[in-house]
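Notes follow the structure.
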Amino acid sequence: MGNVPTELKYAKSHEWVKVDGGYATVGITDHAQHELTDIVFVELPTVGRVVKAGEACAVVESVKTASDIYTPVSGEIVKVNSDTTANPAVVNTDPYTAGWLVQIKLSDPSELGALMDAASYSVQIGAA
Amino acid sequence: MPAFSSPRTLSKPVPSAPPQDRLRLPEWLRIQLPTSNGFGKTRSLLEELKLNTVCQSARCPNHWECWSKGTATFMIGGERCTRACAFCAVITAKPLPLEEDEPDRVAEATRRMNLRHLVITGVARDDLPDGGANHFRCTIERVRALNPGIIIEVLTSDFAGSAEALEEIFLGRPEVFNHNIETVRRLTPKVRSRATYEGSLEVLRKMKGLAGSAILTKSGLMLGLGETEEELFETLQDLRAVGCDILTLGQYLQPSLHHLPVVEYISPQRFEAFGLRAKEMGFSHVSSAPMVRSSYHADELQIPSRAVK
């Protein structure tokens with residue numbers, strides 16, 4: 001079925017968001033990493049880049065496919081997880097923890113309201 | 001932590017970093033995971049009816065697109081194949097007994113998904129005396145009984161060259177019979193498992209001999225495994241010589257780090273050129289593009305169903 005932690009928020013494009021104060025950590029869901037299979041490259045954005053919600057900000061490439069990762073929120077990229085570029089497989093093994101991708105300083109926290117909760121995301125992926 | 005534990009999703013431990021000389025995927029192969037509920041609905045239905053798909057078992061990069069649109073290619077005979085082709089992600093293992101109700105479940109899924117054109121494939125079942133041919137035939141017949149007017153395409157192994165098995169499939173009267181040559185003559189021993197280049201040509205020749213124009217025959221190749229253009233055109237000529245009507249050409253993609261590496265990513269423009277050349281050679285239908293697979297957009301064929309209304 002896929003692990004869908006209830007404390008996170010989700011975008012239709014299979015990113016999860018963890019909010020902490022004015023900052024959002026973003027990664028791809030367990031469903032996404034499972035669908036993509038063995039991840040072999042991760043391309044991360046530059047720190048300092050300003051992004052708008054829905055903008056492609058990273059690329060996750062597996063053996064068979066490459067997929068754009070879209071930021072669910074607008075703001076400034078303050079941190080990127082270089083562990084994933086050194087060891088892309090961590091996105092497969094720990095998509096919600098060690099496999100996080102970017103951290104964004106939120107410019108518009110109200111955008112969080114448009115994201116899905118775990119239950120809605122589970123319906124989307126047919127896991128509910 | 002991945003929550004999946006079924007055999008089809010277990011993979012061998014992945015090395016911590018891929019080799020530095022690994023080719024990057026070109027931009028034209030980038031995909032988007034589906035954002036609508038369509039994917040989830042198809043997935044739920046398939047899980048409810050306990051049906052396997054080659055989409056999932058072979059890790060097809062199109063499967064999000066196809067499942068989102070409500071189509072899928074069922075894989076019958078279980079998820080364990082008796083062969084170990086170096087390009088394929090389907091598990092190689094001792095198969096379980098055939099499920100007698102599988103043909104009915106395929107027919108039911110077809111009905112619920114409202115499919116107009118169904119592709120049925122299967123794992124190789126060299127453990128069975130008929131290679132699973134009768135199971136294929138039953139599936140075709142059950143699907144047709146429940147879905148009048150449907151177009152049925154089957155994609156099979158070589159049934160170890162068995163003429164009886166091919167005749168069984170013929171008696172099922174699918175509209176399209178697909179058996180893939182997969183690659184050029186020179187690369188066949190490296191790429192395929194038990195099947196041979198000549199053996200596959202013979203399968204297509206036999207089916208055409210049995211059916212004539214009543215069944216369209218179809219074959220396909222994966223490109224980018226190191227074949228030359230000359231070798232490709234030679235294979236296309238060999239396919240035409242056995243009366244093959246329909247051709248698919250797609251980019252080989254490595255299903256996991258344990259499968260054959262990609263030698264070359266061929267551009268969409270070159271695929272288009274190959275497709276034009278194939279049409280000149282006389283194939284009545286050709287699909288040639290990087291993401292094309294045997295059953296990709298198969299319903300765009302628009303051939304008449306043989307069902308009498």
Side-chain angles (χ1 to χ4, degrees), chain A residues 1-5 10-15 28-43 54 56 58-70 72 83-99 116 120-128, chain B residues 1-6 8-9 11-19 22-48 55-56 58-65 67-68 89 251-262 291:
Chain A
M1 277 301 128
N3 185 15
V4 185
Y10 299 87
K12 275 180 145 39
S13 42
H14 310 278
E15 294 86 11
I28 63 169
T29 62
D30 182 45
H31 172 80
Q33 72 75 21
H34 172 75
E35 292 294 328
L36 291 170
T37 71
D38 307 336
I39 294 170
V40 293
F41 276 111
V42 176
E43 246 181 56
V59 180
V60 168
E61 183 175 318
S62 73
V63 269
K64 261 187 127 156
T65 55
S67 186
D68 284 311
I69 307 304
Y70 303 92
D83 285 349
T84 63
T85 44
N87 178 18
V90 71
V91 180
N92 290 115
T93 54
D94 299 279
Y96 298 114
T97 53
M116 290 186 280
S120 308
Y121 180 67
S122 297
V123 168
Q124 181 186 326
I125 61 174
Chain B
M1 234 69 56
F4 296 85
S5 60
S6 62
R8 72 168 149 260
T9 58
S11 52
K12 297 173 204 161
V14 174
S16 61
R22 182 187 179 79
L23 288 176
R24 287 293 305 273
L25 275 165
E27 283 220 23
W28 60 77
L29 290 178
R30 210 163 280 186
I31 56 97
Q32 255 197 18
L33 291 179
T35 55
S36 70
N37 282 8
F39 178 83
K41 283 198 188 114
T42 301
R43 181 183 163 185
S44 298
L45 174 66
L46 293 168
E47 280 177 2
E48 183 196 325
C55 319
Q56 194 161 11
R59 302 182 173 184
C60 179
N62 295 321
H63 92 273
W64 305 291
E65 179 195 332
W67 286 21
S68 295
Q251 170 70 53
Y252 168 68
L253 294 174
Q254 189 188 33
S256 87
L257 293 171
H258 303 284
H259 291 86
L260 284 174
V262 174
M291 293 301 263

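Below, all heavy atoms of this structure are taken into account, side chains as well, without hydrogens, waters or symmetry copies. In what follows, chains carry the letters A, B, and so on, assigned in the order in which the sequence lines appear, proteins first and then strands, with residues in each chain numbered from 1.
Taking all atoms of both residues into account, the shortest heavy-atom contact from A/Thr37 to B/Pro255 is OG1-O, 4.3 Å.
The distance from atom CG of A/Asp38 to atom CZ of B/Arg59, rounded to the nearest 0.5 Å, is 5.5 Å. Remark: B/Trp67 CH2 to A/Glu35 CD distance equals 7.0 Å, nearest 0.5 Å. Taken from NE2 in A/His14 to CH2 in B/Trp64, the straight-line distance is 9.5 Å, to the nearest 0.5 Å. For the atom pair NZ (A/Lys64) and SG (B/Cys60), the distance works out to 6.0 Å, reported to the nearest 0.5 Å.
Interface remark: B/His63 contributes side-chain atoms only to the contact with chain A (heavy atom separation under 4.5 Å). Contacts between A/Val59 and chain B at a heavy-atom distance below 4.5 Å involve the side chain alone, from C-beta outward. Contact of B/Ser36 with chain A is made through the backbone alone, with heavy-atom distances under 4.5 Å.
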Contacts table for residues 23-34 of chain B: side-chain donor-acceptor under 3.5 angstrom, sequence neighbours left out:
from	atom 1	to	atom 2	distance (Å)
B/Arg24	NE	A/Glu61	OE1	2.7
B/Arg24	NH2	A/Glu43	OE2	3.2
B/Arg24	NH2	A/Glu61	OE1	2.9
B/Arg30	NH1	A/Asp68	OD1	3.1
B/Gln32	NE2	A/Tyr70	OH	2.9

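Partners of A/Ser67 according to the side chain to side chain donor-acceptor pair (under 3.5 Å) rule, which considers only residues two or more places apart in sequence or in another chain, do not exist here.
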